[in-house]
*Asks:* 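I am attaching a structure below and will ask some questions about it afterwards.
Within every chain, numbering begins at 1; the chains are lettered A, B, ... in the order of the sequence lines, protein sequences first and strands thereafter.
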Amino acid sequence: MSSKFFVTTPIYYVNDAPHIGHAYTTILADVLARFHRIAGDEVFFLTGLDEHGQKVKQAAEKRNLTPQAHCDDLAPRFLSLWQKLDIRFDDFIRTTQERHKKIVQLALQKVYDKGDIYVDEYEGWYSIAEERFITDTEHSSGQFRDVKKLKEKNYFFKMSKYQQRLIDYIESNPVFIRPEHRKNEMLGFLRQPLGDLCISRPKARMDWGIEIPFDKDYVTYVWFDALVNYISVPGYGSDGVRFKKWWPANVHLIGKDILTTHSIYWTTMLFSLELPLPKTIFAHGWWLMGQTKMSKSLGNVVNPLDLVEQYGVDAVRYYLMREMVLGLDANFTPDSFIKSYNSDLANDFGNLLNRVSGLIAKNHGGKIPDPGVLTTVEEEIKSQANALVGKVTQLISAYQVQEAVVSIMELVRILNKYMETQAPWKLAKIDFKAAERVLYTAAEGLRIVSIMLSPVMPNKTAAVLDILGSVGRSPVWGGLKPATVLKTHEPLFPRIEVK
RNA sequence: CGCGGGGUGGAGCAGCCCGGUAGCUCGCCAGGCUCAUAACCUGGAGGUCAUAGGUUCAAAUCCUGUCCCCGCAACCA
């Protein structure tokens, strides 16, 4: 049953270089996208950059660059990181692109014409660092520097108008905000009366933005500027057919810090634009950098991204997907990375490949043996492998990525166990046909595992499939052709030796 | 009453929404195997699921109270 899957990440703010947070969300999106692709869905995976605003302007000034030059300098840094992490996005939006700007203006005009935008004058304490007005209590807390009293005219979006409608929507669409506790958090937030949203900045103060179509002295502020990317890219206002095909998005993946902007600001904007809401807004947790003492023998490993150089992108992607339960925070420590790498990838998965390929090379002429007639033991393995595919599909559509990875790895353990109990190295001497059957079964199981893990580890699994001489990527049992010649190989995941 | 997260065998974590014999990985102990990356497999020890009440035939799981721990500088997923 194939359908469409439109997944987004936030567009990242370019006032600094990319870090683990950006990388995690993007890898997660990539993994989901790849799972849906192998399930036969048509996928659209969108990510990009948020390039306007005060802080970008300031960062540019600090470097003696124009804002655009600053953005043009940072964009490749994101792009090259995505390349390094094997992110296969379908489009990469930069909010300074013309295709985006004109749609933002179109959206603003539409909301304005509808009467959902009004002018008001506001006076209050303004924090330059925060790029926003702060409340009196915030001001008296003394926590904000660079504060000054400011009075100015601005445009406001009538967010409050849609409050009740949003509450009703959230309550009647249980998977709209996930996980559950985030939904409750938002409903709690919505118990207070919602204010309206300031959506403009006078150019006199901040001109690095998209001009408001109905007032040339103003640019629009972050909300309309950035959030609209989710519809401008799939074709809102420019390509009706395409837009109809992709919108609404299946999921906006976000970090928990920007839940309010997505589940309240963005959704009320969509109400005003009379567009359907995304099916799901999923807020994942944060990676906490464990306070484990840095070990010298490991080098100065502090950041999972550094591990890519040493251990490869697949191992890092695996770790990130395996360790974090979506929605909760997780701890990163070099130690836990090494443990999971050694036990799951080196000892279980990589070693299984060596066992199988080694025996086939030694006793079976290096060719995939003929399975012959399966016994109940093999039938059991086969049905578990086939069941796995459905189970993983189901878990992925429920955003239980960790569970999905764990259940795939369970098959690896089952296969290791199977090897142990069947002992094809013994069978080769007493019952050659049985040995053939066992090794075919183990190899085929390994093939299924590799296909199922390919969204998480695209490179290593491709290597395994290549070694096995697997043609195609069908996760249905029986894909391996007997007599296919195996390729020789090095250990897939060399153990990390720790002193 | 600032906000949020959490307290489950030695460590790290699932499970909690949709109550029904407490699960996974690591570590430890003993054994097996010897094809393999000193890897793999089997068995075992170890938990009154923070705590006090409540609801229920039944609670880690639902409700209420209490205690404790963590994050909230910047940036930000």
*Asks:* Please state the C1' separation for the pair B:U55 and B:C68 - nearest whole angstrom.
*Replies:* 26 Å
*Asks:* What is the distance, to the nearest angstrom, from the CE atom on A:M186 to the P atom on B:G4?
*Replies:* 10 Å
*Asks:* Between B:U42 and B:G10, how far is it from one C1' atom to the other, in whole Å?
*Replies:* 23 Å
*Asks:* Distance between the C1' atoms of B:C62 and B:G27, in whole angstroms?
*Replies:* 35 Å
*Asks:* Could you state the atom-to-atom distance from NE2 of A:H22 to C1' of B:C75 in whole Å?
*Replies:* 8 Å
*Asks:* So which nucleotide from B:C35, B:A36, B:C76 ends up closest to the side chain of A:N354?
*Replies:* B:A36
*Asks:* So, OP1 or OP2 of B:A39: does either fall under 4.0 Å of a side-chain N or O from A:R495?
*Replies:* yes
*Asks:* Could you tell me which residues satisfy ring pair (Phe, Tyr, Trp, His ring centres under 6.0 Å) with A:Y318, sequence neighbours excluded, listed by chain and number?
*Replies:* none
*Asks:* A:A346 has a side chain; which of B:A77, B:U37, B:G4 sits nearest to it?
*Replies:* B:U37
*Asks:* Sequence neighbours excluded, which residues qualify as salt bridge (charged side-chain N to carboxylate O under 4.0 Å, His left out) partners of A:D91?
*Replies:* A:R99
*Asks:* Other residues, nucleotides and ligands only: do more than 12 of their heavy atoms fall within 6.0 Å of CD on A:E379?
*Replies:* yes
*Asks:* Give the minimum heavy-atom separation between A:K367 and A:I360, together with the two atoms involved.
*Replies:* O-CG2, 3.3 Å
*Asks:* Measuring only the P atom in each nucleotide, how far is B:A38 from B:A77? A whole number of Å is fine.
*Replies:* 43 Å
*Asks:* Starting at the 5' end of RNA chain B, what dot-bracket string do you get if Watson-Crick and G-U pairs under 3.5 Å are bracketed, crossing pairs use [ ], other-strand pairs use | and unpaired bases use dots?
*Replies:* .(((((((.[[[[.)....(..]]]].(((((.......))))).....[[[[[..)....]]]]])))))).....
*Asks:* Rounded off to whole Å, could you give me the NZ-to-P distance for the A:K417 and B:C33 pair?
*Replies:* 18 Å
*Asks:* Atom CD of A:Q54 and atom P of B:A74: how far apart are they, to the nearest Å?
*Replies:* 16 Å
*Asks:* At 4.0 Å (heavy atoms only), tell me whether A:P494 reaches a base, stays on the sugar-phosphate, or touches nothing.
*Replies:* base
*Asks:* Please state the P separation for the pair B:G15 and B:G32 - nearest whole angstrom.
*Replies:* 39 Å
*Asks:* Using a cut-off of less than 4.0 Å, is there contact between a side-chain N or O of A:N347 and OP1 or OP2 of B:C40?
*Replies:* yes
*Asks:* When you measure from the side chain of A:K426, which nucleotide among B:C41, B:U34, B:C76 comes out closest?
*Replies:* B:U34
*Asks:* State which residues pass salt bridge (charged side-chain N to carboxylate O under 4.0 Å, His left out) with A:K433; sequence neighbours excluded, sorted by chain then number.
*Replies:* none
*Asks:* Expressed as a whole number of Å, how far does the C1' atom of B:G71 sit from that of B:C35?
*Replies:* 50 Å
*Asks:* Taking the inter-plane angle between the rings of A:H22 and A:F78 on a 0 to 90° scale, is it parallel (under 30°), tilted (30 to 60°) or perpendicular (over 60°)?
*Replies:* perpendicular
*Asks:* B:A38 P sits how many Å from A:D348 CG, rounded?
*Replies:* 14 Å
*Asks:* Check every atom of B:C35, B:C40, B:G5 against the side chain of A:L359 and return the nucleotide holding the closest atom.
*Replies:* B:C35
*Asks:* Would you tabulate the pairs of protein nitrogen or oxygen atoms and nucleotide nitrogen or oxygen atoms of nucleotides 11-14 of chain B closer than 3.5 angstrom?
*Replies:*
from  : atom 1 : to     : atom 2 : distance (Å)
B:A14 : O2'    : A:E403 : OE2    : 3.2

*Asks:* Does A:N416 or A:P491 map to a spot on RNA chain B nearer the 5' end, using the closest nucleotide for each?
*Replies:* A:P491
*Asks:* Rounded to whole angstrom units, what separation is found between the OH atom of A:Y399 and the P atom of B:A77?
*Replies:* 20 Å
*Asks:* Using a 4.0 Å heavy-atom cut-off, does A:I258 contact any base of the nucleic acid, only the sugar-phosphate backbone, or nothing at all?
*Replies:* sugar-phosphate
*Asks:* Using the side-chain contact (heavy atoms from CB on, under 4.5 Å) criterion, which residues pair with A:P482? Sequence neighbours excluded.
*Replies:* A:D370, A:P371, A:Y440
*Asks:* What is the distance from CG of A:L439 to P of B:C40, rounded to the nearest Å?
*Replies:* 19 Å
*Asks:* Given B:A39, B:C35, B:A77, which nucleotide is nearest the side-chain atoms of A:N351?
*Replies:* B:A39
*Asks:* If you look only at distance, which donor and acceptor atoms sit under 3.5 Å apart when one is on a side chain in residues 395-407 of chain A and the other is two or more places apart or in another chain?
*Replies:*
from   : atom 1 : to     : atom 2 : distance (Å)
A:S397 : OG     : A:T393 : O      : 3.3
A:S397 : OG     : A:Q394 : O      : 2.9
A:Q402 : NE2    : A:R322 : O      : 3.3
A:S407 : OG     : A:E403 : O      : 3.1
A:S407 : OG     : A:A404 : O      : 3.0

*Asks:* In terms of the nearest nucleotide of RNA chain B, which residue is placed more toward the 5' end: A:R413 or A:Q400?
*Replies:* A:Q400
*Asks:* If I pick the C1' atom on B:U37 and the same atom on B:A73, what distance separates them, to the nearest angstrom?
*Replies:* 45 Å
*Asks:* With side chain to side chain donor-acceptor pair (under 3.5 Å) as the rule and sequence neighbours excluded, what pairs involving residues 410-423 of chain A come up?
*Replies:* A:D344-A:R413, A:D348-A:R413, A:R355-A:N416, A:R355-A:E420, A:E378-A:Y418
*Asks:* Nearest to the side chain of A:W425, which nucleotide is it out of B:U34, B:A77, B:C41?
*Replies:* B:U34
*Asks:* How are the rings of A:F432 and A:H364 set relative to one another: parallel (under 30°), tilted (30 to 60°) or perpendicular (over 60°)?
*Replies:* parallel
*Asks:* Can you check the distance between B:G2 and B:C63, where both ends of the measurement are the C1' atom (answer in whole Å)?
*Replies:* 25 Å
*Asks:* Under the side-chain contact (heavy atoms from CB on, under 4.5 Å) test, which residues partner A:K426, sequence neighbours left out?
*Replies:* A:A423
*Asks:* Can you tell which of B:A77, B:C35, B:C41 lies closest to the side chain of A:K362?
*Replies:* B:C35
*Asks:* Considering only heavy atoms, which members of residues 389-396 of chain A lie under 4.0 Å from some atom of RNA chain B?
*Replies:* none
*Asks:* Below 30° counts as parallel, above 60° as perpendicular, anything between as tilted: where do the rings of A:W208 and A:H52 land?
*Replies:* perpendicular
*Asks:* Going by the rule side-chain contact (heavy atoms from CB on, under 4.5 Å), which residues pair with A:A226 if we only count those two or more places apart in sequence or in a different chain?
*Replies:* A:I11, A:D50, A:V222
*Asks:* Nearest whole Å is fine: how far is B:C76 P from A:Y12 OH?
*Replies:* 13 Å
*Asks:* Please table the atom pairs, donor to acceptor, closer than 3.5 Å between any side-chain atom in residues 457-468 of chain A and protein atoms at least two apart or in another chain.
*Replies:*
from   : atom 1 : to     : atom 2 : distance (Å)
A:N459 : ND2    : A:D86  : OD2    : 2.7
A:N459 : ND2    : A:D314 : OD1    : 2.7
A:K460 : NZ     : A:L492 : O      : 2.8
A:T461 : OG1    : A:M457 : O      : 2.6
A:T461 : OG1    : A:P458 : O      : 3.4
A:D466 : OD1    : A:K487 : NZ     : 2.7
A:D466 : OD2    : A:K487 : NZ     : 3.4

